[in-house]
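Notes follow once the structure below has been shown.
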Amino acid sequence: MVSGGAPRILGDVFCGKDLLVRTRVAIIGAGPAGLLLSHLLDLEGIESVLIERQTEDYVRARVRAGILEAGTVDLLKQAGLGDRLAAEGMEHRGIYLRWPGERHHLDFVELAGRSVTVYGQTEVTKDLMDARAKAGRAAFYQASDVVPHDVETSSPYVTFVDVDGREVRVDAEIIAGCDGFHGPSRGAVLGGQDWERTYPFAWLGVLADVAPSTDELIYAWHPDGFAMHSMRSPRVSRFYLQVRPDEDLAAWSDDRIWTALSARLGADEEGWTLKTGPITEKSVLPMRSFVSTPMRSGRLFLAGDAAHIVPPTGAKGLNLAVADVALLSSALAAWLRSGSESLASAYSDTALRRVWRCTHFSWWMTTMLHRHGDDFDAQLQLSQLSRTVASDAAASELAQNYAGLPLSI
Ligand code: APR
Ligand code: PHB
């Protein structure tokens with residue numbers, strides 16, 4: 001079944017498949033990267049087809065991170081996706097850093113001239129999917145056995161089995177691999193190299209129907225482990241607790257979660273009360289840093305989690321995916337509309353410079369804020385936290401990276 005408008009279906013002409021489709025850009029994966037790429041290409045008048053493994057409802061409902069950099073907000077607004085974001089997004093000037101006995105606000109507007117906006121990835125996805133439905137763009141959901149082919153030639157194509165069991169072939173000029181960490185695209189990059197760091201801890205993520213107990217996000221170092229107070233709306237709060245990677249969710253009753261959050265966020269110590277409410281979602285999230293180079297192989301381009309993963313401390317994952325796609329859509333527009341390949345040739349290097357910077361920032365925030373190693377490591381972390389809030393230079397470095405670097409650095 002094809003959702004949205006009809007792609008150009010050429011029928012079973014010569015390829016031995018049940019269905020042959022021709023488009024300019026075949027996009028594998030309908031996460032934020034794939035959805036936004038198809039939207040931006042559409043604005044440039046370039047047709048694309050989305051091929052996604054999951055159902056449309058599943059993609060809509062996924063709960064992910066929720067902080068947008070200033071540049072991400074600008075891009076979404078310029079792309080005509082800003083209405084709900086402007087009405088419902090919550091602009092924050094900065095964050096709180098806390099550890100026992102200390103609580104400090106870092107004001108990004110003063111330090112870096114930019115704010116951030118709280119607006120869930122789930123909402124960004126909804127806006128993108130609604131825009132798609134309105135424009136009637138083509139997508140195949142519940143596609144299985146998705147494989148990119150002949151990416152080193154000028155006539156690459158993607159094959160898969162659609163939801164009705166038909167074998168489909170999509171011929172394209174370009175394939176965009178936006179299929180996340182587990183998708184097939186990265187494996188099709190010739191001579192690709194992977195760089196990886198795993199961390200000896202994970203996050204227990206909690207979504208609760210309760211008003212936030214803070215005006216801006218709190219990142220807390222604590223001897224029992226990191227904790228964070230985030231939010232999704234004036235009525236919904238998001239929390240994280242550092243736990244072991246193999247943590248058993250069943251061991252975390254709601255009571256235990258609220259007690260741990262209250263202690264680690266320093267509520268009692270500072271004389272405020274952490275408001276509690278019904279917990280609507282709980283999950284354990286693994287933490288890893290991962291970069292795959294290069295981000296292009298012939299006519300195949302990688303974007304978002306297909307090429308890189310960051311640990312969530314610092315909220316870079318979605319923003320990095322958006323930055324990749326901003327670069328890639330301009331590069332493909334220049335190539336497909338006016339035959340100029342120079343931006344496409346520079347894409348991997350340009351994107352990776354920013355990817356590595358964000359990878360370093362996410363690693364740094366993670367390493368500074370989570371309990372790991374021994375007591376000596378803990379003293380180094382506390383020293384680094386003190387320095388970060390006491391020195392304008394150190395605070396500005398955090399603020400500039402958190403609020404978002406320019407696309408080309
Ligand atoms: N075939 C087709 N689609 C696939 C396949 C496959 N074999 N494997 C994965 N996909 C789809 C996934 O179902 C998902 O919808 O690719 C999409 C990838 O989306 P994301 O994982 O959300 O990655 P991306 O779009 O790059 O967005 C990055 O999302 O994962 C978060 O924290 C991450 O915020 C970051 C952002
Ligand atoms: C979130 O709200 O989910 C969130 C916010 C900030 C982070 C990570 C996650 O650093």
Side-chain angles (χ1 to χ4, degrees), residues 1-31 33-56 58-59 128-129 131-180 182-190 296-304 306 325 328-329 331-333 335-337 339 341 344:
M1 191 183 62
V2 181
S3 141
R8 281 183 286 153
I9 294 173
L10 304 183
D12 183 8
V13 193
F14 57 87
C15 67
K17 299 282 174 196
D18 299 327
L19 189 63
L20 175 63
V21 174
R22 176 142 201 97
T23 190
R24 301 207 79 184
V25 182
I27 302 175
I28 307 178
L35 285 167
L36 181 61
L37 180 62
S38 83
H39 184 88
L40 296 178
L41 289 175
D42 200 51
L43 294 179
E44 300 278 0
I46 297 168
E47 184 197 45
S48 63
V49 168
L50 267 179
I51 304 155
E52 163 62 46
R53 187 177 52 150
Q54 302 286 358
T55 66
E56 213 167 335
Y58 179 93
V59 171
L128 283 162
M129 290 182 88
R132 271 195 87 67
K134 231 189 208 166
R137 284 179 227 128
F140 289 89
Y141 285 92
Q142 292 178 273
S144 51
D145 298 332
V146 180
V147 184
H149 301 269
D150 290 1
V151 302
E152 301 300 326
T153 73
S154 56
S155 35
Y157 62 99
V158 180
T159 56
F160 59 94
V161 177
D162 78 2
V163 65
D164 299 319
R166 290 180 300 184
E167 292 192 14
V168 185
R169 168 172 161 160
V170 178
D171 284 353
E173 290 162 67
I174 301 288
I175 299 175
C178 301
D179 43 1
H182 300 288
S185 296
R186 192 172 60 251
V189 170
L190 268 190
R296 173 188 180 182
S297 190
R299 296 249 173 171
L300 170 69
F301 294 80
L302 302 182
V325 165
L328 183 56
S329 59
L332 295 183
W335 193 5
L336 297 178
R337 285 179 47 184
E341 202 185 328

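Heads up: numbering here begins at 1 and tracks the sequence.
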Closest heavy-atom pair and its distance - Leu50, Gly29: CD2-O, 3.4 Å
May I ask you to decide if Ala26's main-chain N or O and Thr23's side chain share a donor-acceptor pair within less than 3.5 Å? no
Salt bridge or not for Arg132 and Glu52, using N-O below 4.0 Å? no
Taking all atoms of both residues into account, what is the closest heavy-atom pair of Glu173 and Leu336, and its distance? OE1-CD2, 3.4 Å
How many angstroms lie between atom CG of Leu41 and atom OG of Ser48, to the nearest 0.5 angstrom? 5.5 Å
Side chains of His149 and Arg169: does their closest heavy-atom pair fall under 4.5 Å? no
Would you please name every residue forming a side-chain contact (heavy atoms from CB on, under 4.5 Å) with Arg186, sequence neighbours left out? Phe181, Asp194, Phe290, Ser292, Leu302
If you take all heavy atoms of Val59 and Met129, which pair is closest and at what distance? CG1-SD, 3.9 Å
Quick one: pull up CD1 in Ile27 and CD1 in Ile175 and give me the separation to the nearest 0.5 Å. 11.5 Å
Any salt bridge between Lys17 and Glu167, counting N to O under 4.0 Å? yes
Quick check: does any side chain N or O of Asp162 sit under 3.5 Å from a backbone N or O of Asp164, one acting as donor and the other as acceptor? yes
Roughly how far apart are Arg137 CZ and Glu47 CD, rounded to 0.5 Å? 11.5 Å
Looking only at heavy atoms, the pair that brings Ile28 and Ser185 closest together is CD1-OG, 3.7 Å
Test side-chain contact (heavy atoms from CB on, under 4.5 Å) applied to Phe140 and Val146, step by step: CA-CA 11 Å; Phe140 289 89; Val146 180; over 6 Å; no
Can you find a pair of side-chain heavy atoms, one from Val163 and one from Tyr141, that are under 4.5 Å apart? no
In chain order, what residues pass the side-chain contact (heavy atoms from CB on, under 4.5 Å) check against Asp145, with sequence neighbours excluded? Val161
Would you please name every residue forming a side-chain contact (heavy atoms from CB on, under 4.5 Å) with Glu152, sequence neighbours left out? Leu190, Ser297
Considering residues at least two apart in sequence or located in another chain, which fulfil the side-chain contact (heavy atoms from CB on, under 4.5 Å) criterion with Ala333? Glu44, Ile46
For Ser329, all residues meeting side chain to side chain donor-acceptor pair (under 3.5 Å), sequence neighbours excluded: none
Of all the heavy-atom pairs spanning Asp179 and Ala306, show the shortest one and how long it is. OD1-CB, 3.6 Å
Taking every heavy atom of Ile51 against every heavy atom of Ala143, the minimum-distance pair comes out as CG2-CB, 3.7 Å
CG/Leu332 to CZ/Arg337 distance, rounded to the nearest 0.5 angstrom? 12.0 Å
Aromatic ring pairing Trp335/Phe301, orientation class (parallel under 30°, perpendicular over 60°, tilted between): perpendicular
Under the side chain to side chain donor-acceptor pair (under 3.5 Å) rule, collect the residues that match up with Gln54, sequence neighbours excluded. none
